[in-house]
Number of protein chains: 4
Amino acid sequence: MSQARARKAVEVMTTAGKPRNADATRAKILEAAISEFAARGLEARIEDIADIANANRRMAYYYFGSKEGLYLAALEEAYLQLAQAEESVDVDALSPTEAVAALISAKFDHFIAYPQYIEFVKIENVYRARHMKESQRIAELCDPLITNLERALKRGQATGEFRHDVTAFELSMMIASLAFFPVSNQHTVFAIFGTDLTEPATVERRRKMTIDMVLLYLAQKQARQSD
Amino acid sequence: MSQARARKAVEVMTTAGKPRNADATRAKILEAAISEFAARGLEARIEDIADIANANRRMAYYYFGSKEGLYLAALEEAYLQLAQAEESVDVDALSPTEAVAALISAKFDHFIAYPQYIEFVKIENVYRARHMKESQRIAELCDPLITNLERALKRGQATGEFRHDVTAFELSMMIASLAFFPVSNQHTVFAIFGTDLTEPATVERRRKMTIDMVLLYLAQKQARQSD
Amino acid sequence: MSQARARKAVEVMTTAGKPRNADATRAKILEAAISEFAARGLEARIEDIADIANANRRMAYYYFGSKEGLYLAALEEAYLQLAQAEESVDVDALSPTEAVAALISAKFDHFIAYPQYIEFVKIENVYRARHMKESQRIAELCDPLITNLERALKRGQATGEFRHDVTAFELSMMIASLAFFPVSNQHTVFAIFGTDLTEPATVERRRKMTIDMVLLYLAQKQARQSD
Amino acid sequence: MSQARARKAVEVMTTAGKPRNADATRAKILEAAISEFAARGLEARIEDIADIANANRRMAYYYFGSKEGLYLAALEEAYLQLAQAEESVDVDALSPTEAVAALISAKFDHFIAYPQYIEFVKIENVYRARHMKESQRIAELCDPLITNLERALKRGQATGEFRHDVTAFELSMMIASLAFFPVSNQHTVFAIFGTDLTEPATVERRRKMTIDMVLLYLAQKQARQSD
DNA sequence: AATGAATGAGATTTCATTCAT
DNA sequence: TATGAATGAAATCTCATTCAT
């Protein structure tokens, strides 16, 4: 929007040689790419991204090599934000039960704050994680997601508050399922049932139910089996 | 090629019956479309679909009007299979608890049997249900999914087995979340954590956990109402 | 352009032998062709023509050989109507002046009654009379148009009512110009000036002006011959 | 999908500039489009136009957005030439009679000099001015055609040389009819009567007759009626 | 006489990408 | 660093026409 104007001002001052602001251009293209890829999936067009970024199409190639390169950069950016989201929870300062509740709640907050994240994950799964497999970085970024949860779970199992027949990974999948699906599938749900799952009251109700459900499951003492 | 084999599949209306069979051609194109769209999303190519169906590319337009028309037909077909999947459960012949468990289990079975369903739902959500909104039929097909569950829930609440502060729709979303996510997001999960969520043992473990979790939640007597 | 042209299932009830009405089918196709070609030019589609005629597309080929054959048949039909239009004027029973006025008036009537004629002539001129050149018949049909006028003109020149330095062909072109153009070019005139040249009052005004103008010209005694 | 993405004309100042010259490429494509559309109507092929212009087919889309966009640009160009044609007549420096004669004559000259104009008008009328309606510009360009004539007519009526019961618009239609039709319909006339209306002697004869006829009509003092 | 099914060829259009400055 | 111009390859779609009954 007003970015366009800003660029014009810059151009005017550089008379002879034309050293523009490299990082700024790159950043604007990346930002535009995140919003466009999130909005349209791989149908997003390089030309549109460049226009939104107020940059030349050629620059996208200059900085990111190809459309897929740009997509991957945008994807990594989305996961970077995910990792940062959970840092706000100080797992070890809370009781096991509180920590699990806080981690669940943080996930809900993150999905509200960064809806693009869910878009990218949906897209990547349609493409069978084709692009993500190229990225070493994303796996590293996601590591804390499990380890944080694991510390809380282990402590709760040690104190006897939590059942033993569940792993951190399983627990993580449960939570992710309950938090992710209603957002990722909001469109088909709305088309079929006419219910808008993004309404704040609905989201809060869901947050509470999810916490209740997970803690109830963790608190249950298993009878005998374990599979 | 495999033409000889494909010919055999033709229904008996023409005496000699080699070349011209409208229904068979249409059906083969639709079948090919389902597998191609599920595999590649809207990037699937009409030419490939026609080739797989052993038909002329032009015939896809003859029967379905456009690429989007063909996609929509394939989408509806996927939902038709979903509706049929749940018919196997005789909700009213089972106890409320058994009925809920059976419905959850049926969902797991369906997702194993018709993986294309999940692909279509993922794709539609990437496209923000753009195509599904055109279809009156899909909403109708999905109606029983809620009403079946509702009958079981109501009965359980009447007998006092189930808590009262949950609606059939909420329950349905819970179950769908827990069953859908690990399949829909299997690719990114695998890329990040290296865990294959489709292994039979894993699926069975998940089926059991989901049933336990949901029934535990339903059995819980809520202290005071909230929200 | 025309999106959903997907085949609909159609009930069929012809049990045994199926002797349809050959002439009627041919006539309906031709009628449909006239209205479609007049409305859309050569962009008219055989499929649409067949549908309007409630006939099978194949029948158009059966009776007319090809799209161009059908077009030519429609074109000839349009000229047939033109020839018939002028038969209503009994040139020799009227005074020369009255006869010319009547022939002009008949042209105006014809253009109102058979607007398709003008459409075909426009189309043919866009195609540089490519198709009409194939037709012996059309030239024959048009012959009376000149000869009728010629008889009136000759008589008027013999009596001294009409000037001598004009031929029947030239006179015919004048009349045709004044009558044809405002109809043929009504669309661009309307687009540019916003005037609707088809309003009855406008047409009548034009009819009168044309008669006045032509008779005035014919009545003028030329000073010296030129050219 | 995204229709109008056509490049806008951009100033270019490259010194040598053989291969990359935006204006030249654009201009050559437009020029080729004018001749091809005039010759073949909307059946003209983008590929042929590009070939004639010695440009890549893609560039037609780059500069004009779509085939219709290119056609519209060509159409506007044709009307631009029309407007320029009449500028040569200095209406106010001539007597009313001379001015009308000069304007008629200029129209004949224009139709000889720019035959494409007539082709475009014919085509547009076959398409019912579908494209022209999109163009604000054309109506503006045509405005002087009436106002020039109107000034001459008004002056002649003021001096008593011209009759009063005719409007500038009516007069304009008369002139246009007499000048346009023999060119626009030359092909069917030739096919039917074998007369070539484009021969110079024939054109000159027509020019004289038209001027005589119109001036005679204008000079006539109307007896009593008025429409 | 009549028809539904099928096809081949070609048209427009789209888009990522590279050229040349 | 930055850019407007240019391109090739492919995808969708259209349509007249023919096949086989």
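Computed over heavy atoms, backbone and side chain alike; hydrogens, waters and symmetry mates excluded. All chains are named by letter (A, B, ...) in the order of the sequence lines, taking the proteins before the strands, and each is independently numbered beginning at 1.
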Indicate, with a heavy-atom threshold strictly under 4.0 Å, whether D/Ala44 touches base, sugar-phosphate, or nothing.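 Sugar-phosphate only.
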
Scan C/Ala50 against the nucleic acid and name what it touches under 4.0 Å (heavy atoms): base, sugar-phosphate only, or nothing.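 Since no nucleic acid heavy atom lies under 4.0 Å of C/Ala50, the category is nothing.
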
From [atom1] of [X] over to [atom2] of [N], roughly how many Å is that when rounded to an integer?
X	N	atom1	atom2	result
C/Asp23	E/dA2	CG	C1'	15 Å
D/Lys28	F/dA6	NZ	C1'	12 Å
A/Asp51	F/dT3	CG	C1'	13 Å
B/Arg45	F/dA11	CZ	P	3 Å
C/Phe64	F/dT18	CZ	C1'	19 Å
B/Glu68	F/dA11	CD	C1'	14 Å
A/Asp48	E/dT14	CG	C1'	12 Å
B/Ile29	F/dC13	CD1	P	14 Å

Nearest 0.5 Å please: distance from the [atom1] atom of [X] over to the [atom2] atom of [Y].
X	Y	atom1	atom2	result
B/His131	B/Ile138	NE2	CD1	11.0 Å
C/Asp48	C/Arg57	CG	CZ	9.5 Å
B/Glu43	A/Leu42	CD	CG	6.0 Å

Of the non-hydrogen atoms in [X] and [Y], which two are nearest, and what is the gap between them?
X	Y	answer
A/Lys133	B/Ala191	CG-CB, 4.2 Å
B/Ala129	A/His187	CB-O, 3.4 Å
D/Asn125	C/Lys122	O-NZ, 2.9 Å

Return the 5'-most residue of the pair A/Tyr63, C/Leu42 with respect to DNA chain F, ranking by each residue's nearest nucleotide.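 The residue closer to the strand's 5' end, by nearest nucleotide, is A/Tyr63.
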
What base-paired stems does DNA chain E take part in, with at least 3 consecutive Watson-Crick or G-U wobble pairs and both distances under 3.5 Å?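 So far as stems of 3 or more pairs are concerned, DNA chain E shows E:2-21 with F:2-21.
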
side-chain N/O D/Thr25 vs F/dA5 OP1/OP2, d < 4.0 Å: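 D/Thr25 to F/dA5 OP1/OP2: no side-chain N or O under 4.0 Å.
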
Which atom pairs link the protein and nucleotides 7-9 of chain F when you take only N or O atoms and keep those under 3.5 Å?
unit_1, atom_1, unit_2, atom_2, d
F/dT7, OP2, D/Asn56, N, 3.3

Taking atom types as modelled, is there a side-chain donor on A/Glu124 or A/Tyr71 under 3.5 Å from an acceptor on the other?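 Checked: A/Glu124/A/Tyr71 side chains pair up, N/O donor to acceptor below 3.5 Å.
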
Could you walk me through whether D/Glu31 and D/Arg26 pass the side-chain contact (heavy atoms from CB on, under 4.5 Å) check? CA-CA 9 Å; D/Glu31 187 186 2; D/Arg26 206 195 109 102; over 6 Å; no

D/Glu119/D/Arg40 ion pair, N-O < 4.0 Å: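 Salt bridge between D/Glu119 and D/Arg40, a charged N being under 4.0 Å from a carboxylate O: no.
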
Of the nucleotides F/dT12, E/dT17, E/dT12, which has the atom closest to the A/Tyr61 side chain?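 Out of F/dT12, E/dT17, E/dT12, the nucleotide with an atom closest to A/Tyr61's side chain is E/dT17.
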
Both D/Glu43 and A/Ser66 contact DNA chain E. Taking the nearest nucleotide for each, which residue is further toward the 5' end?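 Here D/Glu43 is the residue nearer the 5' end.
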
Hey, which sits more toward the 5' end of DNA chain E by its nearest nucleotide, D/Ile46 or C/Arg26?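 On the 5' side of the pair lies C/Arg26.
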
Test item: A/Tyr61 and A/Leu70 side chains (from C-beta on) under 4.5 Å apart, heavy atoms: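 Heavy-atom side-chain distance check fails, nothing below 4.5 Å.
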
